[in-house]
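These notes are about the structure you will find just below.
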Amino acid sequence: MSVVTLTINDELVSAQEGETLLAVLHERGIDMPTLCHLEGLSERGGCRLCMVELEGSSRLQAACVTQVQEDMIVHTHSERLVKYRKMILELLFAERNHICAVCVMNGNCELQWEAAKIGMDHVRYEYLNPDLAMDASHERYVLDHNRCILCTRCVRVCDEIEGAHVWDVMGRGANSRVIIDLNQAWGTSQSCTSCGKCVQVCPTGALFDKGATVAEMEKQHNFLRWILDGREKNVWSYGK
Amino acid sequence: MSVKTSPPSRTRPRPAAEHPSGDPRFSLIDRTLKRFSFQQDALIEVLHTAQEAFGFLSDDLLIYVAHQLKLPLSWVYGVATFYHFFTLTPQGEHNCIVCMGTACYVKRAAEIVAALQQAYSVTAGETTRDGRLSLSTARCLGSCGLAPVLVLDGAVLPRETPESALERVRQQLMNATHNGAPQPATNGHAFEGEE
Amino acid sequence: MNRADLETMAQREVQRQQTFRCRILCCASTPCLSSGGSAVHDAIKDAIKEGGFDADFQAVATGCMGPCSRGPMITVQTSGGEDVIYEHVTPEASRQIVAHHAAASPAPVEYILPGDIPFFAKQKKVVLANSGFIDPERLEDYVARGGYTALGYALREMTPETVCREIIDSGLRGRGGAGYPTGLKWDMVRKARGDRKYVVANGDEGDPGAYMDRTLMESDPHRLLEGMAIAGYAVGADQGFLYVRGEYPIAAKRLERAIRAAERRGLLGSRVLDSNFNFRVDVRIGAGAFVCGEETALMASIMGMRGQPVPRPPYPAQSGLWEKPTLINNVETLGSIAPIIQHGAAWFAEIGTAKSKGTKIFALAGKVDTTGLIEVPMGITLREIVYDIGGGIPDGLDFKAAQTGGPSGGCIPAAHLDTPMDYESLRALGSIMGSGGLIIMDERSCMVDVAKFFMEFCMDESCGKCVPCRVGTVQMHHLLERITTGSATAQDLETLQDLCVMVKETSLCGLGQSAPNPVLSTIHYFLEEYMAHIRDHQCLAGVCTLDQAPITELALV
Amino acid sequence: MNKLRFATAWLGGCSGCHMSFLDLDEKLIDLAEKIELVYSPIADVKEFPEGVDVTLVEGAVANLDNLRLAQEIRARSRLVVSFGDCAVTGNVPSLRNKLGVDDLLTAVYHEGPGRHPTGGDAIMPRLLPKVLPLHQVIKVDAFLPGCPPDAERIWIAVSALLAGEPVVLEPSMRTFG
């Protein structure tokens with residue numbers, strides 16, 4: 001693979017051709033907020049947090065779905081971008097009932113942390129306060145729509161890694177919901193293998209282990225690397 | 001998403017399993033399945049046929065379609081709920097659609113919707129408790145020259161007012177014999193006036 | 001069939017038509033059918049039969065004639081005489097009309113619509129040239145008017161490269177809204193590598209208030225198929241998909257029939273017109289999702305998935321349907337192809353302005369005297385459309401604004417009535433050409449309410465994939481709702497504007513990127529109206545309720 | 001030295017933020033030297049005074065009394081700080097927002113345990129249709145998130161306010177919850 005040279009925030013950077021811009025930013029240690037992106041899953045480009053400015057292009061681009069190109073000039077933290085990222089996070093907090101204080105993921109939540117990092121300390125939009133259900137019918141896991149940000153990591157991991165495609169999204173727009181099979185109680189699903197991958201990749205408290213209470217839930221994504229290394233490279237590294 | 005349907009290839013269709021319920025309407029679905037050689041990309045076409053045959057998409061139907069096309073249930077459910085055309089609940093005996101396209105809006109179709117909603121205690125998109133009338137709104141039926149437009153049991157009625165709309169619906173509910181069984185929904189195919 | 005057979009077929013049909021002394025063309029397009037067009041058609045057929053005029057008279061069910069609000073329309077063609085157009089025809093009137101033309105009895109003058117009125121005189125029919133003159137269900141009718149000769153010419157006399165060149169030279173731009181040069185798109189797909197390629201005709205006309213594509217599909221389906229086949233030849237595709245909006249069953253039916261008829265005659269399918277070119281077309285019916293007008297969402301829908309867009313690049317030209325190079329063109333764009341090949345790029349480029357060539361179809365609706373479907377040369381002014389073609393604003397009221405581009409467009413105020421209708425001029429005014437919806441509003445329309453109407457539309461139609469569009473449209477709608485109910489503060493207007501700009505710049509697809517346009521455009525031209533709502537609790541048009549107060553004023557009560 | 005006129009107020013919240021404030025422990029002594037506490041739930045003052053320099057407001061705006069007090073605070077304070085998650089986001093009190101006010105009262109007082117108020121008296125202030133964060137009702141100058149914000153956060157914020165500087169918290173100091 002050939003190497004391309006690009007400029008990121010006024011610094012010359014070399015990268016492998018075919019890499020996504022987001023991967024390069026991460027390698028360089030540039031902090032890029034993300035929510036729908038998760039290494040090991042296909043990219044969705046839906047949360048719009050990793051938007052960057054490309055010189056010569058009037059449109060902003062999501063770094064997770066943009067491939068690096070020779071002579072690309074990238075700005076990742078302009079005033080405008082930071083302002084938009086804050087607004088997007090505000091929109092997410094206003095959309096459903098994200099009450100951090102009483103959430104199982106308090107302290108470990110990606111949404112909570114992205115907001116803190118960027119300095120989103122209040123929400124200017126009207127809280128929509130939708131009346132949403134919880135599904136605790138599965139013997140080991142719980143689904144709480146109040147905390148879901150529709151990143152679809154659960155849908156993708158179940159489809160791409162587990163191969164069961166239990167999850168999908170129903171409806172559209174603000175009425176979208178993640179669903180199990182025919183929008184049925186999780187405990188009644190015949191396709192679910194109870195592997196728990198969806199729970200582990202969920203960035204918020206929308207999916208958690210039954211029995212976890214406030215601030216007790218922690219998630220780990222290492223298994224994705226482990227599975228993919230095994231599949232792609234026939235390497236099973238038990239370290240870490 | 002990585003899962004993909006495959007492009008249509010013109011292979012010989014395989015025979016469809018007979019549906020255990022023996023309901024002849026399933027053969028209509030089977031015909032469409034065969035026409036598209038059980039290709040997964042035909043899902044939307046198959047759902048169209050299923051809804052035309054049964055009036056709405058019950059869980060049973062969705063399961064049948066999912067199994068025939070070898071698609072995950074949640075995929076089929078996700079598609080069926082994404083598109084406005086598909087309905088997962090039974091429709092009323094009579095069907096009244098008020099066009100809310102821009103031209104109709106400018107000519108105050110919202111007042112017609114409000115009048116009907118009030119008169120029949122039903123919100124647009126729902127069916128009355130007694131199952132006699134389904135009221136819905138449409139995103140432009142493309143008859144903008146005739147705005148505001150109403151579609152009552154498949155008949156397009158041009159240049160309506162709240163008063164005339166109420167009268168027409170009243171007439172329609174009175175004239176049609178109340179046979180109890182819900183008639184097949186028109187599936188929004190509002191212009192089947194031809195032929 | 002080869003080109004000579006095509007020629008024979010055309011001649012035979014022309015001769016057949018000439019045996020009739022009088023052809024009565026009845027509009028069988030949706031609007032006319034809705035106003036009683038089928039009863040009129042039946043009455044004419046009966047009158048012909050009863051009068052024993054079968055040999056002399058022919059009744060033809062045709063596509064749209066244009067002035068839909070004056071329907072049902074009929075046109076009578078007499079050998080040697082001028083065409084006579086009748087409006088608001090009733091079954092009773094149609095008997096009189098037959099009698100008049102049969103025996104020269106007095107004409108029912110009250111139904112005659114003069115053919116030289118500005119509604120017709122100011123138009124230029126290129127794409128709709130056949131519409132209203134042919135029976136869309138008969139291949140022969142289309143062929144008699146020169147149909148499929150362009151395809152035959154392209155296949156025999158041109159290479160794919162020269163076809164693309166011709167389209168580039170014509171200056172044709174996408175009629176779906178964005179106005180991308182069609183020829184360049186073709187050339188990109190032609191050059192793209194792929195063992196299979198696809199052509200998609202986008203007939204998912206979702207703009208509320210627009211029905212150009214439906215009319216074209218219903219009135220002249222073969223023209224669209226011919227355009228698709230030429231496109232297929234030019235880019236190297238052997239499969240086409242025609243994506244028809246679910247609300248248009250008649251269009252879908254006619255297209256299905258047209259495909260079968262064309263396949264039977266060897267004009268589609270394998271070895272088209274005895275050449276080595278194969279081209280199949282399948283119809284796919286949409287199921288009601290505005291977002292499917294976006295090309296990547298449309299492709300998802302064709303592949304049987306939720307109609308959600310995916311980020312571009314890669315563009316469909318490189319990786320589209322099933323990751324193969326795919327050409328997606330709007331139906332109206334493809335409708336312009338055959339005339340360009342037939343008459344040449346130079347002829348087409350003569351029409352219109354320097355940067356916007358050819359004609360554009362508009363669905364003229366709202367508060368004008370004559371509403372309907374019109375095809376005008378690019379660059380005509382809005383004033384000519386409203387006052388000449390449309391006949392002005394009824395009830396002695398004043399023109400307030402014209403809305404173009406539907407939920408993705410904006411409003412043009414009276415001060416800009418003399419703007420030429422072309423891509424650049426409309427964009428400069430903060431609106432877009434769009435697919436061709438043109439809604440005229442008078443002083444009884446409240447512009448804040450109009451903005452809210454479109455925002456509600458976008459909110460309902462947002463696919464939900466990206467956050468700015470999914471939640472941003474809800475919040476923008478909320479803020480507009482507050483303004484129209486009187487519970488907004490000056491701060492809310494600022495929040496709204498900020499949000500508009502963010503959603504426009506960060507949304508994933510065209511739906512979200514353009515959803516704020518109606519708000520931004522109405523704020524730009526009608527700020528005073530917004531302020532009147534917020535500051536004075538007043539809706540000058542008398543539309544909004546304004547029956548609530550800001551929450552902060554509650555405590556003061 | 002002129003002492004700053006300092007106030008704290010308690011709207012719809014659990015008073016946990018005030019408890020956390022008291023966790024400043026010995027720092028309270030330092031604070032007492034710099035400020036004059038002119039209004040607070042922990043001081044017996046009935047009327048919110050004029051000419052306050054800094055007011056920390058705990059709790060969401062849930063009823064008409066909260067709304068009136070918030071507006072009074074705004075009119076009479078130079079700097080208003082949303083103190084804790086309830087004031088910043090609505091937090092737990094806002095969980096009732098998905099229910100209508102009438103349904104809520106029925107559920108709590110009629111169907112709930114114990115005696116219910118008969119209504120019609122002036123004891124219970126009228127509930128707002130929705131519980132709102134403070135900044136959606138009045139202009140707020142600084143935000144101090146946390147449920148409750150711990151003493152360290154409070155100290156950093158208060159120190160900045162007393163020094164007349166903007167409140168700047170480290171990312172780990174500004175998480176909700």
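The basis for the numbers below is simple: all heavy atoms, side chains too, and nothing from hydrogens, waters or symmetry mates. Letters go in sequence order (proteins before strands), and every chain restarts at 1.
Residue A/D181 holds its CG atom at 12.0 Å from CG of B/L62, rounded to the nearest 0.5 Å. Note that CG of A/N175 is 10.0 Å distant from OG1 of B/T81, once rounded to the nearest 0.5 Å.
The 12-atom threshold is not exceeded at CD of A/E39, counting heavy atoms of other residues, nucleotides or ligands nearer than 6.0 Å. Environment of CD in A/E139: sparse, with no more than 12 heavy atoms of neighbouring residues, nucleotides or ligands closer than 6.0 Å. In A/E70, the CD atom is crowded: over 12 heavy atoms of neighbouring residues, nucleotides or ligands sit closer than 6.0 Å. No more than 12 heavy atoms of other residues, nucleotides or ligands sit less than 6.0 Å from atom CD of A/Q69. Remark: A/R225 CZ is packed, more than 12 non-hydrogen atoms of other residues, nucleotides or ligands lying under 6.0 Å away. Annotation: A/R231, atom CZ; neighbour count of heavy atoms from other residues, nucleotides and ligands within 6.0 Å is above 12.
Closest approach of B/F82 to A/G171, counting heavy atoms only: CD1-O, 3.8 Å. Heavy atoms only, all atoms of each residue included: B/Y83 and A/R172 are closest at CA-NH2, 3.9 Å.
Residues A/I179 and B/Y77 are in side-chain contact: their nearest non-hydrogen atoms beyond the backbone lie under 4.5 Å apart.
In terms of modelled atom types and a separation under 3.5 Å, the side chain of B/S74 and the main chain of A/N183 share no donor-acceptor contact.
Of the listed residues (B/V76, B/L88, B/L73, B/D60), just one forms a side chain to side chain contact (heavy atoms under 4.5 Å, CB included) with A/L182, and that residue is B/L73.
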